[in-house]
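Remarks on the structure that follows.
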Amino acid sequence: MYTNWEELNAACNSCQKCSLCKTRHNVVVGVGNPHSEVMFIGEGPGENEDLQGEPFVGKAGILLDKMLSAVDLDRDSNIYIANIVKCRPPHNRDPKPEEQELCINWLRNQVALIRPKIIVCLGRIAACRIIKPDLKITREHGIWFQKNGVCMMAMLHPAALLRDPRRKPEAFADFLALRGKIGEICEHTYR
Ligand code: URA
């Protein structure tokens, strides 16, 4: 466990724990304010993220930024965004369980340094890994779970919303619920 961001970022950026290191262009460690009370967790980098070294910078990321901005959240000021795996799985396949297992300690270390009050899981892979293995994303997105003293919610993945825009109102309702929860339990996110 690293106790400061410089060491954590440096070690993560040179990670060779799994074979994804062989095909990556960049390790996508995370982005945002390390003092955030709210953390978003996605699945893993896609092509644009791999090339730019930042999470959610492709089409799904643009949609995510829009929904964040609708509830006064912004990756450059009051949230932190990371992924379950830090390197791109080839052809955007799901990260394998063994890749998740070998990578998850980086995320654990990030959570330990940030100590967020709220964790939002974007999509099924992150929600099943972080909230509970049998979470059903279509039925259980938008529901609050309490785990290790942290409020957690799954949201529909922005890439899924791009594939099926009819689900956007559901997703927006979850962002409104998030705004409400932040108002209840966070001290400086909206100040
Ligand atoms: N999808 C994810 O889950 N994470 C990213 O960083 C980009 C797309």
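Remember, it's 1-based here, ligands and their atoms both numbered in the order they're listed.
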Got a list of side-chain donor-acceptor pairs under 3.5 Å for residues 151-162, not counting sequence neighbours?
from   : atom 1 : to     : atom 2 : distance (Å)
His157 : ND1    : Ala159 : N      : 3.0

Parallel, tilted or perpendicular, as decided by the 30° and 60° cut-offs, for the rings of Phe175 and Phe40: parallel

Neighbouring residues of ligand 1, heavy-atom cut-off under 4.0 Å: Gly42, Glu43, Gly44, Glu49, Pro55, Phe56, Asn83, His157

Within 6.0 Å of NZ in Lys147, more than 12 heavy atoms from elsewhere: yes

Quiz: residues 112-125 side-chain donor-acceptor pairs under 3.5 angstrom, not counting sequence neighbours:
from   : atom 1 : to    : atom 2 : distance (Å)
Arg124 : NH2    : Asp94 : OD2    : 3.3

Under 3.5 Å, which donor-acceptor pairs do the side chains of residues 62-69 form with other protein atoms, sequence neighbours left out?
from  : atom 1 : to    : atom 2 : distance (Å)
Asp65 : OD1    : Arg75 : NE     : 3.1
Asp65 : OD1    : Arg75 : NH2    : 3.2
Asp65 : OD2    : Arg75 : NH2    : 3.4

Salt bridge flag under 4.0 Å for residues Glu101 and Arg129: yes

